[in-house]
Amino acid sequence: VAQARALNLNVALFPQARFATNANDFWKNAPRDAGWWGTWFDHYRAHAVHFADLATVSGAQALILGGDWIAPALPNGKLADGNLSGVPADAEARWKNIIAEVRQHFRGSVLFALPYTNTDITPPINMLKDTDGVYLLWFAKLSASTAPVKADMIAEAGLLLDNNIAPVQTQVGKPFII
């Protein structure tokens with residue numbers, strides 16, 4: 001961070017969870033009962049606050065929470081197979097509390113990373129309103145062709161942005177960074 005800042009570059013910290021196998025297996029095999037969820041949110045809160053402190057000390061301009069592995073812990077969370085994760089009904093309040101606590105430790109921009117595929121996204125709008133923006137992890141396929149045409153891919157990206165992303169961005173009222 002110091003080297004990047006010395007070169008007048010903007011820096012964002014984007015802490016990631018590490019899994020023994022992979023995120024989908026972690027969520028699938030987790031007990032996901034009330035006690036487990038309480039512990040999970042406590043640990044994520046500690047993780048987020050630790051990196052908020054690190055972002056402050058290092059001089060980073062932004063901290064990115066969430067990621068492509070976080071969907072089961074979001075309000076109305078779903079597992080990779082589409083089944084509900086059993087996240088607590090108060091998940092939105094828990095996330096809002098985490099974001100509020102992170103802001104007590106870090107004065108820079110707080111972004112939330114969400115994955116995007118070709119389907120409509122249903123993000124936690126109220127939670128995202130507490131952030132400074134959304135860091136969109138673009139996994140959307142722009143062509144099924146083995147030799148795609150650049151103009152077609154640009155047109156498809158524009159359609160996806162206009163039809164799926166723009167309405168959500170309007171609801172959240174914050175910038176989306178791809």
Side-chain angles (χ1 to χ4, degrees), residues 11-58 60 62-106 108-141 160 164-165 167-169 171-172 174 176-178:
V11 176
L13 298 186
F14 186 9
Q16 299 293 303
R18 299 224 188 258
F19 300 97
T21 55
N22 63 57
N24 292 338
D25 287 344
F26 168 79
W27 290 111
K28 180 179 146 189
N29 297 323
R32 300 189 321 272
D33 58 22
W36 184 88
W37 278 112
T39 300
W40 188 89
F41 274 103
D42 288 346
H43 282 102
Y44 190 84
R45 184 206 60 76
H47 173 82
V49 168
H50 166 76
F51 280 97
D53 289 338
L54 187 59
T56 296
V57 169
S58 68
L63 175 64
I64 304 170
L65 302 176
D68 59 346
W69 60 277
I70 203 81
L74 296 177
N76 302 311
K78 291 185 180 178
L79 301 173
D81 63 10
N83 289 319
L84 294 175
S85 66
V87 68
D90 67 346
E92 182 177 289
R94 292 179 192 222
W95 278 109
K96 289 172 81 65
N97 289 338
I98 289 169
I99 293 166
E101 189 169 352
V102 162
R103 288 195 179 283
Q104 292 173 1
H105 291 257
F106 179 63
S109 295
V110 177
L111 306 173
F112 200 90
L114 289 174
Y116 173 65
T117 61
N118 292 69
T119 59
D120 291 334
I121 58 174
T122 53
I125 301 295
N126 290 331
M127 184 190 97
L128 294 176
K129 287 181 178 180
D130 289 353
T131 69
D132 296 305
V134 174
Y135 188 71
L136 197 66
L137 304 170
W138 187 279
F139 296 108
K141 191 172 184 179
L160 293 173
N164 296 349
I165 303 304
V168 175
Q169 192 274 330
Q171 286 181 311
V172 173
K174 306 289 176 141
F176 275 43
I177 300 165
I178 299 175

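In what follows, residues are counted from 1 in the order of the sequence shown. It should be emphasised that the depicted structure is a prediction, and the values quoted were computed from it without experimental measurement.
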Heavy-atom pair with the smallest gap, counting every atom of [X] and [Y]:
| X | Y | answer |
| --- | --- | --- |
| Gln171 | Lys129 | O-CE, 3.2 Å |
| Pro72 | Lys78 | CG-O, 3.4 Å |
| Asn126 | Glu92 | CB-OE2, 3.5 Å |
| Ile125 | Val172 | CD1-CG2, 3.7 Å |
| Phe41 | Pro88 | CE1-CD, 4.1 Å |
| Asp25 | Asn22 | N-OD1, 2.8 Å |

TODO: Give a yes or no answer on whether the side chain of Thr39 reaches the backbone of Gly35 with a donor-acceptor pair at less than 3.5 Å.
DONE: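 Checking the backbone N and O of Gly35 against the side chain of Thr39, a donor-acceptor pair under 3.5 Å is found.
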How long is the gap from [atom1] on [X] to [atom2] on [Y], to the nearest 0.5 Å?
| X | Y | atom1 | atom2 | value |
| --- | --- | --- | --- | --- |
| His47 | Trp40 | NE2 | CH2 | 9.0 Å |
| Trp37 | Arg94 | CH2 | CZ | 9.0 Å |
| Leu136 | Ile165 | CG | CD1 | 4.5 Å |
| Leu111 | Phe176 | CG | CZ | 11.0 Å |
| Leu128 | Lys174 | CG | NZ | 9.5 Å |
| Trp95 | Ile70 | CH2 | CD1 | 3.5 Å |

Task: Option from Ile64, Asp132, Leu74 for which side chain to side chain contact (heavy atoms under 4.5 Å, CB included) with Phe112 holds - done: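 Only one of Ile64, Asp132, Leu74 forms a side chain to side chain contact (heavy atoms under 4.5 Å, CB included) with Phe112, namely Leu74.
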Task: With Tyr116, the side chain to side chain contact (heavy atoms under 4.5 Å, CB included) member among Leu160, Val134, Leu137 - done: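 With Tyr116 as partner, side chain to side chain contact (heavy atoms under 4.5 Å, CB included) holds for just one option, Leu160.
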Heavy atoms from other residues, nucleotides or ligands near [atom1] of [X] exceed 12 (cutoff 6.0 Å):
| X | atom1 | value |
| --- | --- | --- |
| Lys28 | NZ | no |
| Asn76 | CG | no |
| Phe106 | CZ | yes |

TODO: Begin with the C-alpha distance, continue with both residues' side-chain angles, and end with the deciding distance and a verdict on side chain to side chain contact (heavy atoms under 4.5 Å, CB included) for Val11 and Ser58.
DONE: CA-CA 9 Å; Val11 176; Ser58 68; over 6 Å; no
TODO: If the plane angle is over 60° it's perpendicular, under 30° parallel, otherwise tilted; pick one for Trp36 and Trp27.
DONE: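 Perpendicular, since the angle between the ring planes exceeds 60°.
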Open item on the list: Determine whether the aromatic ring centres of residues Phe26 and Trp69 are separated by less than 6.0 angstrom.
Closed with: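 No: the rings miss the under 6.0 Å criterion.
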